Amino acid sequence: MDAVMELFRSRLAERGIPLSDRQLEQFQRYYELLVEWNEKMNLTGITERAAVFEKHFYDSVTLAFYADLSTASSLADIGSGAGFPSLPLKICFPQLNVTIVDSLNKRITFLKHVCTELGLESVECVHGRAEDIGRLPKHRDGYDIVTARAVARLAGLSELCLPFVRKGGLFAAMKGAQPQEELDEARYAIRELRGKLDKVETLRLPEEQSERAIVLIHKTESTPKAYPRKAGVPLKQPLLK
Ligand code: SAM
């Protein structure tokens with residue numbers, strides 16, 4: 001095992017997430033596919049191996065430091081792009097039933113290929129806008145945990161994500177440093193969508209030291225019929241008051 005892999009393994013083991021050789025091989029294969037497909041389509045600006053392991057893989061798994069993924073059954077990732085954070089989480093917690101929603105079909109094709117190559121089962125990759133998919137009975141008010149990383153500001157993002165969360169479930173928004181202004185802006189949207197802010201966890205990436213925040217919001221009731229509004233509206237006219 002080389003130094004990048006050794007560091008990745010020990011950093012996660014320190015946080016109570018031990019990885020088997022097979023799981024490490026899955027991360028390595030994921031890295032190779034990401035770089036290979038990135039030459040044909042725009043998946044990521046980060047391709048240097050150590051950086052991918054820290055800024056994409058490790059960063060994705062930090063969600064599990066604050067939400068109990070070992071007992072969760074279902075997780076939805078809205079606007080997953082090249083698979084973050086859901087695929088690293090699925091590799092670490094193979095019992096999870098994962099649903100990925102992304103509006104760009106090329107990325108969905110990539111994600112399906114990654115799942116086949118890595119032997120990841122129970123991952124459904126759905127092509128569509130979250131506003132439309134979140135209205136389907138199969139996906140509405142149904143997931144234990146819903147997450148999104150780098151998709152939109154929290155006010156609009158809440159309308160894309162909270163409709164997927166079951167009553168009593170969790171919406172975990174993965175944010176960069178200093179999310180306070182976004183949080184203040186999103187207060188009304190969160191309440192209107194039947195969420196309740198639980199807490200904001202902050203961390204630093206261990207090597208690069210950049211700051212991250214994970215906003216944890218609990219769903220208190222089913223989603224009101226009016227939401228989500230028509231595709232495009234939540235991000236263009238977020239619920240503000
Ligand atoms: N979550 C990934 C990450 O952290 O690297 C990708 C972030 S990328 C900046 C945003 C992704 O959200 C894109 O893949 C885009 O296609 C998707 N997206 C944007 N709006 C969406 C919507 N309304 N419904 C579904 N996917 C959406």
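Just so we're clear, the structure is a prediction, and the values are computed from it rather than from any experiment. Each ligand, and each atom within it, is numbered from 1 in the order the structure gives.
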- Salt-bridge test for Arg212 and Asp59: reply yes if a basic N is under 4.0 Å from a carboxylate O, no otherwise. yes
- Query: Does Ser80 have a heavy atom less than 4.0 Å from any atom of ligand 1?
  - Reply: yes
- Salt bridge or not for Arg229 and Glu159, using N-O below 4.0 Å? yes
Less than 3.5 Å apart, which donor and acceptor atoms pair up between the side chains of residues 69-78 and the rest of the protein, not counting sequence neighbours?
| unit_1 | atom_1 | unit_2 | atom_2 | d |
| --- | --- | --- | --- | --- |
| Ser70 | OG | Asp68 | OD1 | 2.7 |
| Thr71 | OG1 | Asp68 | OD2 | 3.1 |
| Ser74 | OG | Asp144 | N | 3.0 |
| Asp77 | OD2 | Ser80 | OG | 2.8 |
| Asp77 | OD2 | Ser86 | N | 3.0 |
| Asp77 | OD2 | Ser86 | OG | 2.7 |

- Note on the structure: Min over Leu111, Ile108, Asp102 of heavy-atom distance to atom 15 (C) of ligand 1 lands on Asp102
- His56, any N or O under 3.5 Å of ligand 1 N or O: no
- Message: Rounded to the nearest 0.5 Å, what separates atom OH in Tyr188 from atom CG in Leu193?
- Response: 9.0 Å
- Query: So, Arg153 and Glu185, do they make that salt bridge, N to O below 4.0 Å?
  - Reply: yes
- Task: Considering the heavy atoms of Gly81, write down every atom of ligand 1 situated less than 4.0 Å from one of them.
- Result: 6 (C), 14 (O)
- Item | Protein heavy atom at shortest distance from atom 7 (C) of ligand 1 | Ala150 O, 3.3 Å
- Item | Option of least heavy-atom distance to atom 1 (N) of ligand 1 (set: Glu159, Arg149, His127) | Arg149
- Item | Carboxylate-amine/guanidinium contact Lys138 Glu124, below 4.0 Å | yes
- Gly128 neighbourhood, listing ligand 1 atoms whose heavy-atom distance to it stays under 4.0 Å: 24 (N), 25 (C)
- Message: Side chain, backbone, both or neither: which applies to Met174 and ligand 1 if a contact is any heavy-atom pair less than 4.0 Å apart?
- Response: neither
- Message: Quick test of your reading of the structure: of Pro85, Ser60, Ala130, Gly83, whose heavy atom lies closest to atom 24 (N) of ligand 1?
- Response: Ala130
- Note on the structure: Note: Ala64 and Phe93 closest approach over all heavy atoms is CB-CE1, 3.5 Å
- Task: May I ask you to establish whether Arg29 and Phe27 are in a cation-pi arrangement, using a distance under 6.0 Å from NZ or CZ to the six-membered ring centre and at most 45° from the ring axis?
- Result: no
- Atoms of ligand 1, numbered as shown, that sit under 4.0 Å from any heavy atom of Ser103: 16 (O), 18 (N), 21 (C), 25 (C), 26 (N), 27 (C)
- In the protein, which heavy atom is nearest to atom 11 (C) of ligand 1, and how far is it? Gly79 O, 3.5 Å
